[in-house]
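Reading through the structure tokens given below for one structure.
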Amino acid sequence: MAVLTADLDDILEDVFERVTQTRIFKNRDVLLPDYLPDKLPHRETQIRKVASVLAQALRGYRPNNLFIYGLTGTGKTAVVKLVVRKLVEKARERGIRLEIPIINTKRDDTPYRVLAKLIESLGLRVPATGIATAELYARFKKFLDKKGLLMIIVLDEIDYHVKKHGDDLLYKLTRINEELSRSKVSLVGITNDVNFTSWLDPRVKSSLGEEELVFPPYTADQLKDILRERAKTAFVEGALEDGVIELCAALAARENGDARKALDLLRISGEIAQREGSSKVTVAHVRKAWEQIEKDRVVEVVRSLPLHSKLLLYSILTLTKGERATYTGEVYKRYKELTAELGIETLTLRRVGDLISELDMLGIISTEVVSRGRRGMTRMITLESDPEAVRRGLLSDPMVAELAG
DNA sequence: CTTCCACAGGAACCAGCGGACC
DNA sequence: GGTCCGCTGGTTCCTGTGGAAG
């Protein structure tokens, strides 16, 4: 352990030396998830389709509603944003009154907030709460009609909204044109969930699906092209060892052809290489990055859990030790002991069941409803993620740390 | 074949909060 | 300043259920 004997100056000197000497990145930012490139390889047909539907706006007509499906990281949002950017430019040149708000309904996840965003896009401020949603909708309609313009509303990740709040708002928006005299509205819905339409009222479905477009997952080869394209501006020449791009592409292709994941992976591989003072990004760096992404995700998710979920997870962790399975009853018993020890209130079994489901959906644990015959129905619970990462996430909470002693 | 366990998970309801409206 | 509103994060009460034990 040379590190223990070296003195601080030497260590820091060494680290600074390595980090500044080696140059891997030319422009790291182009690998970040929110970077919007002006070239999107293998999305020509989708760009064409979106553009041809929305371009009606340039002639002053209301474009057909458009519905876009595709898994995460297939370029849906990027394509739409790119087309919208150009379209708004053109409309301005031609003096057409066109407004295209893009609303992420996962971030703004209530009907209220969606409407608030819409009103804000018309240039008006809205209180964060306090008004009935129906009233807000009435206001939106009024202001919109007064302005007399063409509005294309892009609702990103719309499946979240509908699953949480139903298709009420969507239904109203698809029919809003009947109540407007001076303005027109088109809708673009974007969803990750391919079976999403089963959640919709048939009338909404047919109206929203005037035009439909599917974004297929990228293949490994296509991901390679995307990564190569970005790598050109992201890395200094010769910084990538042979096979790095191929491996990133292959790993991400396995994850449903997710381009975002592929880009993350490449970026983090580069960061690891840089930190190690290596002059090249190697395949080994990619493998490390892959593990790190998963662990970081787990630590972060666990850290941001509410206290009672953490206590449940802590119960699961100690009961399973990362190996065997446990059951709802066992977990609840352990959980009650923990809350008693901390002197805090205990949630009901009903609520705990929901919290366990949430942990399952987050991918931290996996559960399966099983019958143990006379011993009743229960959920079989196994820890799905790296126990060390889970422990780290949990111990960052002072309450849990107190329990662990 | 029937019983019966130990929960799953739906439905309805509630308290408290922050904030706008009148 | 009381009232109304939506949201969060709970509770209470309830009906449903797969399969080992009897």
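Chain letters run A, B, ... following the sequence lines, proteins first, then strands; residues in each count from 1.
- A cation-pi arrangement is not found for Lys295(A) relative to Trp290(A), the charged atom failing to lie both closer than 6.0 Å to the ring centre and inside a 45° cone about the ring normal.
- Between Arg351(A) atom CZ and dA15(B) atom P there is a gap of 18 Å when expressed in whole angstrom units.
- Atom NE2 in His308(A) sits roughly 6 Å away from atom P in dG10(C) (whole-Å rounding).
- Atom CD in Glu255(A) sits 9.5 Å away from atom CD1 in Ile293(A) (nearest 0.5 Å).
- For Thr348(A), the side-chain atoms get nearest to dT11(C) when compared with the rest of dG18(C), dT11(C), dC21(B).
- The number of heavy atoms from other shown groups lying within 6.0 Å of NZ (Lys288(A)) does not exceed 12.
- Cation-pi geometry between Arg28(A) and Tyr35(A) is not satisfied (NZ or CZ under 6.0 Å from the ring centre, within 45° of the ring normal).
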(message) Walk along nucleotides 6-14 of chain B from 5' to 3' and tag each nucleotide B, S or - by protein heavy-atom contact under 4.0 Å, base first, then sugar-phosphate.
(response) BBSBB----

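- Taking the side chain of Tyr112(A) as heavy atoms from C-beta on, and the options dC7(C), dG9(C), dC21(B), the nearest nucleotide is dC7(C).
- If you measure from atom CZ of Arg113(A) to atom P of dG19(B), you get 13 Å, rounded to the nearest angstrom.
- With ring centers used as reference points, Phe235(A) lies under 6.0 Å from Phe25(A).
- A cation-pi arrangement, defined by a distance under 6.0 Å to the six-membered ring centre and an angle within 45 degrees of its axis, is absent between Arg379(A) and Tyr327(A).
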